[in-house]
Amino acid sequence: MSESDVKNEVTDKYSLRGRVFQKLRDDILDGKYAEYEELREITIGEEMGVSRTPVREAFRQLELEGLIQIIPNKGAYVTGITAEDVKDIYMMRSKLEGLCARWAVEHITKEQIDEMEENVYLSKFHASRGHFEQMAELDSRFHEILYEACDSKMLKHQLINLHQYVMRVRRKTLSNVSRSAASTNEHEQIMEAIIARDADKAEQLANLHIVNAFRNIEANGLYNVYFTKKKEDRQE
(Lines give C-alpha, C1' and ligand atoms only; values in the text may rest on other atoms or scores of the structure.)
Protein backbone atom coordinates (compact mmCIF):
# COMPACT_ATOMS: atom_id res chain seq x y z
CA MET A 1 0.00 0.00 0.00
CA SER A 2 1.37 3.41 -0.98
CA GLU A 3 1.81 6.34 1.40
CA SER A 4 -1.08 8.07 -0.40
CA ASP A 5 -3.36 5.05 0.12
CA VAL A 6 -2.51 4.91 3.80
CA LYS A 7 -3.22 8.62 4.19
CA ASN A 8 -6.57 8.30 2.42
CA GLU A 9 -7.53 5.28 4.51
CA VAL A 10 -6.73 7.13 7.75
CA THR A 11 -8.61 10.23 6.59
CA ASP A 12 -11.67 8.19 5.63
CA LYS A 13 -11.60 6.33 8.92
CA TYR A 14 -11.51 9.46 11.04
CA SER A 15 -14.06 11.33 8.93
CA LEU A 16 -16.42 8.33 9.22
CA ARG A 17 -16.00 8.28 12.99
CA GLY A 18 -16.54 12.02 13.01
CA ARG A 19 -19.80 11.74 11.08
CA VAL A 20 -21.11 9.04 13.41
CA PHE A 21 -20.08 11.06 16.47
CA GLN A 22 -21.69 14.26 15.19
CA LYS A 23 -24.96 12.51 14.30
CA LEU A 24 -25.21 10.81 17.69
CA ARG A 25 -24.23 14.03 19.49
CA ASP A 26 -26.90 16.02 17.64
CA ASP A 27 -29.53 13.36 18.33
CA ILE A 28 -28.71 13.30 22.05
CA LEU A 29 -28.76 17.10 22.34
CA ASP A 30 -32.02 17.26 20.36
CA GLY A 31 -33.67 14.89 22.84
CA LYS A 32 -34.11 11.93 20.50
CA TYR A 33 -33.11 9.50 23.24
CA ALA A 34 -34.61 9.06 26.71
CA GLU A 35 -32.47 9.36 29.81
CA TYR A 36 -30.43 6.19 30.39
CA GLU A 37 -31.64 4.70 27.13
CA GLU A 38 -29.15 2.13 25.91
CA LEU A 39 -27.27 2.82 22.69
CA ARG A 40 -26.53 -0.42 20.88
CA GLU A 41 -23.52 -0.55 18.58
CA ILE A 42 -25.10 -3.03 16.17
CA THR A 43 -28.40 -1.13 15.87
CA ILE A 44 -26.74 2.25 15.34
CA GLY A 45 -24.26 0.76 12.89
CA GLU A 46 -27.11 -0.69 10.83
CA GLU A 47 -29.06 2.58 10.93
CA MET A 48 -26.05 4.55 9.73
CA GLY A 49 -24.72 1.93 7.35
CA VAL A 50 -21.36 1.58 9.10
CA SER A 51 -19.46 -1.11 10.97
CA ARG A 52 -19.33 -1.29 14.75
CA THR A 53 -15.80 0.18 14.89
CA PRO A 54 -16.64 3.85 14.13
CA VAL A 55 -19.68 3.56 16.41
CA ARG A 56 -17.52 2.28 19.25
CA GLU A 57 -15.01 5.10 18.67
CA ALA A 58 -17.83 7.66 18.65
CA PHE A 59 -19.09 6.24 21.95
CA ARG A 60 -15.71 6.87 23.57
CA GLN A 61 -15.75 10.49 22.39
CA LEU A 62 -19.33 10.98 23.59
CA GLU A 63 -18.35 9.62 27.00
CA LEU A 64 -15.52 12.17 27.19
CA GLU A 65 -18.11 14.91 26.60
CA GLY A 66 -20.30 13.50 29.36
CA LEU A 67 -23.19 12.72 27.02
CA ILE A 68 -23.17 8.96 27.56
CA GLN A 69 -21.93 6.57 30.22
CA ILE A 70 -20.23 3.32 29.22
CA ILE A 71 -20.70 0.62 31.84
CA PRO A 72 -18.29 -2.33 31.41
CA ASN A 73 -19.99 -5.59 30.47
CA LYS A 74 -23.36 -3.81 30.19
CA GLY A 75 -23.38 -1.17 27.49
CA ALA A 76 -23.56 2.54 26.67
CA TYR A 77 -26.33 4.63 28.22
CA VAL A 78 -27.46 8.17 27.46
CA THR A 79 -26.89 10.75 30.17
CA GLY A 80 -27.27 13.77 27.91
CA ILE A 81 -27.78 17.28 29.27
CA THR A 82 -29.70 17.57 32.53
CA ALA A 83 -31.60 20.55 33.91
CA GLU A 84 -28.75 21.00 36.37
CA ASP A 85 -26.30 21.06 33.47
CA VAL A 86 -28.34 23.77 31.73
CA LYS A 87 -27.93 26.08 34.71
CA ASP A 88 -24.18 25.39 34.89
CA ILE A 89 -23.79 25.99 31.16
CA TYR A 90 -25.57 29.34 31.28
CA MET A 91 -23.54 30.54 34.25
CA MET A 92 -20.33 29.52 32.47
CA ARG A 93 -21.49 31.17 29.26
CA SER A 94 -22.30 34.40 31.06
CA LYS A 95 -18.70 34.78 32.20
CA LEU A 96 -17.11 33.63 28.94
CA GLU A 97 -19.38 35.72 26.71
CA GLY A 98 -18.51 38.75 28.81
CA LEU A 99 -14.84 38.07 28.23
CA CYS A 100 -15.55 37.47 24.54
CA ALA A 101 -17.26 40.87 24.20
CA ARG A 102 -14.37 42.57 26.00
CA TRP A 103 -11.84 41.06 23.60
CA ALA A 104 -14.09 41.83 20.63
CA VAL A 105 -13.72 45.53 21.44
CA GLU A 106 -10.02 45.19 20.66
CA HIS A 107 -10.22 42.91 17.63
CA ILE A 108 -13.54 43.31 15.79
CA THR A 109 -13.23 44.23 12.11
CA LYS A 110 -15.32 46.64 10.09
CA GLU A 111 -16.78 43.72 8.14
CA GLN A 112 -17.84 42.03 11.38
CA ILE A 113 -19.42 45.26 12.65
CA ASP A 114 -21.32 45.63 9.39
CA GLU A 115 -22.62 42.07 9.62
CA MET A 116 -23.55 42.55 13.27
CA GLU A 117 -25.52 45.70 12.42
CA GLU A 118 -27.37 43.89 9.63
CA ASN A 119 -28.07 40.99 11.98
CA VAL A 120 -29.65 43.29 14.58
CA TYR A 121 -31.71 45.06 11.90
CA LEU A 122 -33.06 41.77 10.54
CA SER A 123 -33.69 40.45 14.06
CA LYS A 124 -35.86 43.45 14.86
CA PHE A 125 -37.82 42.91 11.65
CA HIS A 126 -38.49 39.22 12.30
CA ALA A 127 -39.15 39.72 16.03
CA SER A 128 -41.86 42.26 15.21
CA ARG A 129 -43.56 39.70 12.97
CA GLY A 130 -43.15 36.65 15.19
CA HIS A 131 -40.88 34.82 12.76
CA PHE A 132 -39.32 32.62 15.43
CA GLU A 133 -37.43 30.24 13.15
CA GLN A 134 -35.60 33.15 11.55
CA MET A 135 -35.04 34.66 15.00
CA ALA A 136 -33.30 31.48 16.19
CA GLU A 137 -31.01 31.49 13.15
CA LEU A 138 -30.17 35.18 13.53
CA ASP A 139 -29.57 34.80 17.25
CA SER A 140 -27.08 32.00 16.66
CA ARG A 141 -25.33 34.03 13.98
CA PHE A 142 -25.03 37.08 16.23
CA HIS A 143 -23.17 35.00 18.79
CA GLU A 144 -21.01 33.40 16.10
CA ILE A 145 -19.95 36.87 14.90
CA LEU A 146 -19.12 37.81 18.48
CA TYR A 147 -17.07 34.63 18.95
CA GLU A 148 -15.18 35.29 15.72
CA ALA A 149 -14.57 38.92 16.68
CA CYS A 150 -12.83 38.04 19.96
CA ASP A 151 -9.94 36.66 17.86
CA SER A 152 -9.26 33.75 20.22
CA LYS A 153 -9.64 30.24 18.81
CA MET A 154 -9.61 28.74 22.32
CA LEU A 155 -12.38 30.96 23.66
CA LYS A 156 -14.36 30.57 20.43
CA HIS A 157 -14.14 26.76 20.67
CA GLN A 158 -15.39 26.70 24.26
CA LEU A 159 -18.28 29.05 23.55
CA ILE A 160 -19.41 27.19 20.44
CA ASN A 161 -19.57 23.94 22.42
CA LEU A 162 -21.56 25.50 25.26
CA HIS A 163 -23.83 27.20 22.72
CA GLN A 164 -24.59 23.88 21.03
CA TYR A 165 -25.30 22.05 24.29
CA VAL A 166 -28.35 24.24 24.97
CA MET A 167 -29.56 24.75 21.40
CA ARG A 168 -32.82 22.92 22.08
CA VAL A 169 -33.88 25.10 25.00
CA ARG A 170 -32.62 28.23 23.22
CA ARG A 171 -35.01 27.58 20.34
CA LYS A 172 -37.89 27.37 22.80
CA THR A 173 -36.70 30.49 24.61
CA LEU A 174 -36.75 32.54 21.41
CA SER A 175 -40.29 31.39 20.61
CA ASN A 176 -41.38 33.61 23.51
CA VAL A 177 -42.46 36.95 21.99
CA SER A 178 -41.30 39.18 24.82
CA ARG A 179 -37.98 37.38 25.21
CA SER A 180 -37.15 37.42 21.50
CA ALA A 181 -37.67 41.20 21.40
CA ALA A 182 -35.69 41.73 24.62
CA SER A 183 -32.87 39.52 23.34
CA THR A 184 -32.61 41.59 20.16
CA ASN A 185 -32.43 44.81 22.19
CA GLU A 186 -29.69 43.31 24.34
CA HIS A 187 -27.75 42.32 21.23
CA GLU A 188 -28.02 45.90 19.99
CA GLN A 189 -26.71 47.29 23.29
CA ILE A 190 -23.76 44.89 23.24
CA MET A 191 -23.00 45.89 19.66
CA GLU A 192 -23.17 49.61 20.48
CA ALA A 193 -20.78 49.16 23.41
CA ILE A 194 -18.33 47.30 21.17
CA ILE A 195 -18.53 49.99 18.47
CA ALA A 196 -17.96 52.65 21.16
CA ARG A 197 -14.86 50.68 22.27
CA ASP A 198 -16.23 50.48 25.82
CA ALA A 199 -14.79 47.14 26.96
CA ASP A 200 -16.19 47.32 30.50
CA LYS A 201 -19.73 48.00 29.31
CA ALA A 202 -19.55 45.40 26.53
CA GLU A 203 -18.45 42.76 29.03
CA GLN A 204 -21.14 43.71 31.53
CA LEU A 205 -23.91 43.71 28.91
CA ALA A 206 -22.84 40.39 27.38
CA ASN A 207 -22.71 38.81 30.82
CA LEU A 208 -26.17 40.15 31.70
CA HIS A 209 -27.58 39.00 28.35
CA ILE A 210 -26.87 35.35 29.15
CA VAL A 211 -28.09 35.72 32.74
CA ASN A 212 -31.35 37.21 31.44
CA ALA A 213 -31.73 34.31 29.01
CA PHE A 214 -31.44 31.82 31.85
CA ARG A 215 -33.87 33.80 34.04
CA ASN A 216 -36.38 33.52 31.22
CA ILE A 217 -35.82 29.77 31.08
CA GLU A 218 -36.47 29.48 34.81
CA ALA A 219 -39.52 31.74 34.70
CA ASN A 220 -41.15 29.77 31.90
CA GLY A 221 -40.09 26.28 32.92
CA LEU A 222 -38.42 25.82 29.56
CA TYR A 223 -35.42 23.95 30.89
CA ASN A 224 -37.70 21.14 32.00
CA VAL A 225 -37.35 19.79 28.46
CA TYR A 226 -34.07 18.37 29.74
CA PHE A 227 -33.54 15.46 32.08
CA THR A 228 -34.04 16.32 35.74
CA LYS A 229 -33.17 13.05 37.47
CA LYS A 230 -29.73 12.67 38.97
CA LYS A 231 -27.59 9.65 38.23
CA GLU A 232 -27.98 8.24 41.72
CA ASP A 233 -31.76 8.04 41.13
CA ARG A 234 -31.27 5.46 38.40
CA GLN A 235 -32.76 2.02 39.14
CA GLU A 236 -30.17 -0.63 38.40
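Excluded from the calculations below are hydrogen atoms, water molecules and symmetry mates; all remaining heavy atoms, backbone and side chain alike, are included.
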For I89 versus V166, what's the shortest heavy-atom pair and its separation? CG2-CG1, 3.8 Å

Could you give all pairs that pass the salt bridge (Lys or Arg N to Asp or Glu O under 4.0 Å) test and reach residues 64-73, with sequence neighbours left out? R25-E65

Using only atom types and a distance under 3.5 Å, with no angle test, would you say the side chain of T184 pairs donor to acceptor with the backbone of S180? yes

Is the side chain of S94 donor-acceptor paired with the backbone N or O of L208 at a distance under 3.5 Å, no angle test? no

Applying side-chain contact (heavy atoms from CB on, under 4.5 Å), can you list everything that pairs with E41, at least two apart in sequence or on another chain? R52, V55, R56, F59

Taking E218 for its side chain and R215 for its backbone only, find out whether a donor-acceptor pair lies under 3.5 Å. no

When every non-hydrogen atom of V86 is compared with those of I81, the smallest separation belongs to CG2-CG2, 3.9 Å

Working note: R197 + E106, criterion salt bridge (Lys or Arg N to Asp or Glu O under 4.0 Å); need CA distance, chi angles, decisive distance, verdict. CA-CA 7 Å; R197 304 299 179 182; E106 302 174 18; over 6 Å; no

Apply side-chain contact (heavy atoms from CB on, under 4.5 Å) to Y77 and L39, showing your working. CA-CA 6 Å; Y77 299 87; L39 299 179; over 6 Å; no

Check side chain to side chain donor-acceptor pair (under 3.5 Å) between D85 and all other residues, then give those that pass, not counting sequence neighbours. T82

If you take all heavy atoms of T79 and Q69, which pair is closest and at what distance? CG2-CB, 4.0 Å

Just checking, any donor-acceptor pair under 3.5 angstrom between side chains of N207 and E97? no

I42, CD1: over 12 other non-hydrogen atoms inside 6.0 angstrom: no

Where do Y147 and I160 come nearest, in terms of heavy atoms and distance? CD1-CG1, 3.9 Å

Counting only pairs under 3.5 Å, give me each side-chain donor-acceptor contact of residues 149-157, with atom names and distances, residues two or more places apart or in other chains.
from : atom 1 : to   : atom 2 : distance (Å)
S152 : OG     : L155 : N      : 3.2
H157 : NE2    : N161 : ND2    : 3.3

My understanding is that only residues two or more places apart in sequence, or in another chain, count here; which of them pass side chain to side chain donor-acceptor pair (under 3.5 Å) with Q189? none

Full working for side-chain contact (heavy atoms from CB on, under 4.5 Å) between Q112 and E115: CA-CA 5 Å; Q112 289 167 338; E115 186 179 358; 5.7 Å; no

For K201 and I190, run side-chain contact (heavy atoms from CB on, under 4.5 Å): C-alpha distance rounded to whole Å, both residues' side-chain angles, the deciding distance at 0.1 Å, then the answer. CA-CA 8 Å; K201 187 174 183 180; I190 294 167; over 6 Å; no

Side-chain heavy atoms under 4.5 Å apart, restricted to Ile/Leu/Val/Met/Phe/Trp/Tyr: what other residues fall into the cluster of L138, or is it alone? Y121, L122

Taking side chain as C-beta onward, heavy atoms only, is V78 less than 4.5 Å from E35? no

Residues in ring-ring contact (aromatic ring centres under 6.0 Å, His included) contact with H131, at least two apart in sequence or another chain: H126

Regarding N220 and N216, do their side chains bring together a donor and an acceptor under 3.5 Å, going by distance alone? yes

Neighbour count above 12 (heavy atom, 6.0 Å) for E63 CD: yes

Any idea which heavy atoms bring Y90 and I210 closest together, and the distance? O-CG2, 3.3 Å

Any residue meeting salt bridge (Lys or Arg N to Asp or Glu O under 4.0 Å) with R40, in chain and number order, not counting sequence neighbours: E38

With sequence neighbours left out, what residues match D88 under side chain to side chain donor-acceptor pair (under 3.5 Å)? none

Under the salt bridge (Lys or Arg N to Asp or Glu O under 4.0 Å) criterion, do E144 and R141 qualify, and how do the steps go? CA-CA 5 Å; E144 288 171 1; R141 183 54 194 158; 3.0 Å; yes

Between the main-chain N or O of N119 and the side-chain N or O of S123, is there a donor-acceptor pair closer than 3.5 Å? yes

Cluster companions of V211 among Ile, Leu, Val, Met, Phe, Trp, Tyr (side-chain spacing under 4.5 Å): none

Do M91 and F214 come within less than 4.5 Å of each other through their side chains, counting heavy atoms only? yes

Residues which pass side-chain contact (heavy atoms from CB on, under 4.5 Å) with M48, listed by chain and number, not counting sequence neighbours: V20, K23, L24, I44, V50

Pair H143, H163: side-chain N/O donor-acceptor within cut-off below 3.5 Å: no

Hey, are the side chains of Q134 and R129 touching, using non-hydrogen atoms and a 4.5 Å cut-off? no

Going by side-chain contact (heavy atoms from CB on, under 4.5 Å), name the residues that satisfy it together with I195, two or more places apart in sequence or in a different chain. I113, E117, M191

Side chain proximity check, M116 to I108, heavy atoms < 4.5 angstrom: yes

Output yes when a side-chain donor or acceptor of S140 lies under 3.5 Å from a complementary backbone atom of E137, and no otherwise. no

Just wondering, do L146 and I194 contact through their side chains at under 4.5 Å, heavy atoms? yes

Are Q22 and D26 close enough that a side-chain donor and a side-chain acceptor fall under 3.5 Å? yes

Interatomic distance, CD@E118 vs CD1@I145, rounded to 0.5 Å, equals 8.5 Å

